[in-house]
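A short worksheet on the structure shown next.
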Amino acid sequence: DAKTTQPNSMESNEEEPVHLPCNHSTISGTDYIHWYRQLPSQGPEYVIHGLTSNVNNRMASLAIAEDRKSSTLILHRATLRDAAVYYCIKSRDNYGQNFVFGPGTRLSVLP
Amino acid sequence: ETGVTQSPTHLIKTRGQQVTLRCSSQSGHNTVSWYQQALGQGPQFIFQYYREEENGRGNFPPRFSGLQFPNYSSELNVNALELDDSALYLCASSSVAYTYNEQFFGPGTRLTVL
């Protein structure tokens, strides 16, 4: 199964860090790990991606386990706008044609 | 810079009918992908078009077909609609000119089949 495994839901308080885990135990050596999120009533939007090393951008950080079988998306200070469904995707390329979305993690942010 | 737009926003059809959904890619993008998202599920990849040719297909039957035009806009056609085709249909555009093909999604078309 090419899908990843994520918790169905998580909850966080506003302005606190959030760690969203993802298990991709069947990952191959050349698979990328992508994170997208879907805000209510919108299409998904890109968050971050990585291959082997940890990655940082203005939205989040991605921590990839040494064996690459799991990763964690880190939101450093959750805001109410971060409430969304977060999808962890692995694919053998970065062209999007082999994206397999699972049900994702629904993140709730409490004020 | 104009984002990805889709039309119509909502659509109601009856079983057996045919439907055409439209997508206008983000400026400068030459690749478009279509996804089907059932309620409470993640998007499922239907197919991708690059320079007007199908460039990959997910596990969807041939009654799902598409077109990409020279201006990189795109259509998704579904024939012989079934009740299970009721879903949110998303298109996403990207450009292979960049190192990473970040996909930019439109807001989707909500299709209801009665």
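Side chains are part of it too, since the values below use all heavy atoms of this structure and drop only hydrogens, waters and symmetry mates. Keep in mind it's a predicted model, so treat the numbers as computed, not measured. Numbered from 1 within each chain, the chains take letters A, B, ... in sequence-line order.
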Checklist entry - Minimum heavy-atom separation for B:Gln41 to A:Tyr87, with atom names? => result O-OH, 3.9 Å

Item to check | For A:Val47, all residues meeting side-chain contact (heavy atoms from CB on, under 4.5 Å), sequence neighbours excluded | outcome: A:Trp35, A:Arg37, A:Met59, A:Ala60, A:Leu73

Item to check | Same apolar cluster: B:Tyr89 and B:Leu67, side chain cutoff 4.5 Å | outcome: no

Checklist entry - Linking I/L/V/M/F/W/Y whenever their side-chain heavy atoms sit closer than 4.5 Å, directly or via other members, would B:Tyr49 and B:Leu21 fall into one cluster? => result yes

Checklist entry - Looking only at heavy atoms, which of residues 105-114 of chain B get nearer than 4.5 Å to chain A? => result B:Phe105, B:Gly106, B:Pro107

Next on the checklist: Less than 4.5 Å to any heavy atom of chain A: does that hold for the side chain of B:Gln6, its backbone, both, or neither?
Outcome noted: neither

Checklist entry - How about B:Tyr35 and A:Phe99: are their ring centroids closer than 6.0 Å? => result no

Checklist entry - Can you tell me if CG on A:Asn8 sees more than 12 non-hydrogen neighbours from other groups inside 6.0 Å? => result no

Item to check | Crowding at CZ, A:Arg106 (>12 non-hydrogen neighbours, <6.0 Å) | outcome: no

Item to check | Choice from B:Gly42, B:Ala92, B:Cys91 maximising heavy atom contacts with chain A below 4.5 Å | outcome: B:Gly42

Checklist entry - In terms of hydrophobic clustering (I, L, V, M, F, W, Y; side-chain heavy atoms under 4.5 Å; direct or indirect links), are A:Leu51 and A:Leu62 co-clustered? => result no

Next on the checklist: Please check if the number of heavy atoms outside B:Arg63 that lie under 6.0 Å from its CZ is greater than 12.
Outcome noted: yes

Checklist entry - Among pairs that include at least one residue of residues 52-75 of chain B, which meet ring pair (Phe, Tyr, Trp, His ring centres under 6.0 Å), considering only residues two or more places apart or in two chains? => result B:Phe60-B:Phe64

Checklist entry - Can you name the closest pair of heavy atoms from A:Gly43 and B:Leu90 and give their distance? => result CA-CD2, 3.9 Å

Checklist outcome for this item: Cluster membership besides A:Ile74, Ile/Leu/Val/Met/Phe/Trp/Tyr side chains within less than 4.5 angstrom, sorted by chain and number, is none

Item to check | Distance, nearest 0.5 Å, that separates NE2 of A:His34 from CD of B:Gln103 | outcome: 8.5 Å

